Each structure stands twice: as structure tokens, then as C-alpha cells.
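Here's the structure we're looking at; comments come further down.
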Amino acid sequence: MRPTGKLHLGHLLGALKNWTALQESYQCIFSIADWHALMSEYENSKDLRGYGIDMAIDWIACGIDPEKSILYLQSDVPEHLELQMFLSCLTPLGWLERNPTYKEQLREITSRDLQTYAFLGYPVLQAADILLYKADAVPIGEDQLPHLELCREIARRFNSIYKKEVFNDCKAILTETPRLLGLDNRKMSKSYGNTINLSDTEAEVEKKVVSMITDPKRLRKSDPGHPEECNVYSYYQVFAPQEAPEAHEWCSKALKGCVDCKKNLSKHINKDLEPIREKRAQLEKNKDKIEDILKEGAVKAKVIAQKTMLEVRQAVY
Ligand code: SF4
């Protein structure tokens, strides 16, 4: 995960809940991908280390357990870059230029100049991130499948050129995650300023929920609403599924107004966030400990990474 700012509900539902569960059945390695963040934030690089620490705090507060899993900062393990170099040499330019996410991001992110050599090659660094640990599986969303396929292609090309099975095929662990839109009905993203953050206070959550866009056809409290067309209702399905049928009824029969409906929703979101907030507050008091956890994680990651790099160098030379 790239540390580019505060984590929000989208991260919690789209990744962290799933990762926390995976710790029970896999040896997990979680990387705070600060070099990936640098590719887009190279002009604001001073904040990245702090964002990395904040990210570790959020992860641990959400249940990532440093006793069970390895968590570390990517830039503490330089082997990522060494492997990227080897893989870059054999990755055809066309594979990178065809990457649909690359084109999409160039189109959508206009506040930064992403027409750089590093950004074009970010899938190669992603491949290195996976292959360095000879991962059996990566938990991803369907939209990331092309990246994993590219990683597999690169691994096969390496094995084929150097006639050695250094890298195995890595499978995707596809998980159904509820799609949560931002407050303004666009994708939830820091750059759109439409997020509910894991570190938001109760009052901030309430204020943000009240600002959410609702069913545009419900102009007055007496107008029946269309819950399926309202983002607030989709939040009910995620944060208060037991109350969603009731919300459907009060909305479609105009029994309750949108402000009440939203205030009620914010209570449910706050209830879910409360334990995370509490743990977060404790962890924030001791950032040195978080630094230590990341350092220890990097040491463990390096043991695996160095072993792989030895095999890579032996295959190449
Ligand atoms: Fe949306 Fe609730 Fe208003 Fe219905 S009552 S339109 S679900 S905010």
C-alpha cells in the first residue's frame, strides 16, 4: 500500500479487513510501498516517511499483528530496487506502455507530472515486490489482475532467459469487497477530498456523513426516496446491514428525513471506528515503538530478500 496520506474507510473495507483475516492462514508480508509513493510524490517527498509511520499505526490499529506478520517500509529493503533493475532489463517496453492503469492515471492525475521514466516502470517494481519474496499469492481486487499477469509474464521471461526456475507462478486471492464511494459519489480518494478517515474524530465523521450526496430526486422530506440511488443507503448495507431494510422503508415511504437518516448512519460508522480510534491513540503515543516494529520487519524481510537475490545473481551471471 502506498503511503500518500491518511487511510480511509475504503482502505479498511477494501484491504485491511481482508489482510487481517489472511494472517490466520498465511505467512503474510505487508509492505509500506514508499518508493511507489515517491514515484508520484517526488516533489513532496519530505512527508513520505511520516505517512509511512502513520500507515503502520493504522494497520496495527486495524488488526495487522507484527507478531504474526512481517510489516516493513519498502525503502528499508534495497533489494527491491536491485531486483527491479534485473527485471527492467528484460521487460519489453510495449508491455508497460499497454498497461491500462498507467494510461488511466496519466489521464486522471493532472496535479503532478507523471510522464516519467520511473512511473512507466512501476509495474516492474511491483513485480519485484512480489517476486522478491517468492509469494505464493497476493490479495488483490479484480482491477489489479492485469498487474499480476504482467508480474507472471516477467517472472516467466526471467526463468526462460536464464534457464532456471527461480520464480514461481503467483496466484491472486480475489476477495469480494464492498465498493464504497466517497462522500460526493466519486471513487473514495484523498485527492478528491471525499474520504472518511480512520483517524477522524466522532464529530468529524458526523459532519462528513451529513455532507454526503443523497437521492437527487428526494427534494423534500415528504418526497419518497429511492434508496438504491442513494450512497447513504449503500453505507447502511455495509455498516448497519441489520438496519438496512428499515432504512429502505423509512426512505421509500418518506418516514424519516435525510438528516436523521445520516445522523443514525454516523453512529454506526463511529461504533465501528471506535476500537480502531482507541488503539490508534495508544499507538500514537509511542512512535518509537512503531519505528522499531518496522525496523524489525525490515530485518525479517531482508533475510528472505537476500536469499532470493543470491539465486537471481547466480542465474544471471
Ligand atoms: Fe438517502 Fe437516507 Fe435520504 Fe433515503 S433517507 S435518500 S437513504 S439519506
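All figures in this text were calculated on a predicted structure; none of them were measured in a lab. Counting starts at 1 for both ligands and their atoms, in listed order.
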Could you identify the single nearest non-hydrogen protein atom to atom 3 (Fe) of ligand 1 and state the distance to 0.1 Å?
Cys258 SG, 2.3 Å
I'd like to know if atom 4 (Fe) of ligand 1 has an N/O/S atom from His226 within less than 2.8 Å of it, counting both backbone and side-chain atoms.
no
Under 6.0 Å between ring centres, would you say that holds for Tyr102 and His147?
no
Regarding Cys251, does it place an N, O or S atom less than 2.8 Å from atom 2 (Fe) of ligand 1?
no
Is it the case that the ring center of His36 lies less than 6.0 angstrom away from the ring center of Phe119?
no
Contact partition for Cys261 relative to ligand 1, non-hydrogen atoms under 4.0 Å
side chain
Protein contact to atom 8 (S) of ligand 1 [nearest heavy atom, distance to 0.1 Å]:
Thr214 CG2, 3.5 Å
Using a distance-only test with no angle check, is there a side-chain donor-acceptor pair under 3.5 angstrom linking Ser40 and Arg2?
yes
Are Tyr233 and Tyr236 close enough, and set up right, to give a ring pair (Phe, Tyr, Trp, His ring centres under 6.0 Å), and what steps lead you there?
CA-CA 5 Å; Tyr233 178 67; Tyr236 266 95; 7.0 Å; no
Inspect the surroundings of CD in Glu149 and state if more than 12 heavy atoms from other residues, nucleotides or ligands are less than 6.0 Å away.
yes
Which protein non-hydrogen atom lies closest to atom 5 (S) of ligand 1, naming both residue and atom, and how far is it?
Arg218 NH1, 3.0 Å
For Lys6, I'd like to know if atom NZ has over 12 heavy atoms of other residues, nucleotides or ligands within 6.0 Å.
no
How far is atom 1 (Fe) of ligand 1 from the closest protein heavy atom, and which atom is that?
Cys230 SG, 2.4 Å
For atom 6 (S) of ligand 1, the option (of Asp215, Leu265, Ile213) bearing the nearest heavy atom
Asp215
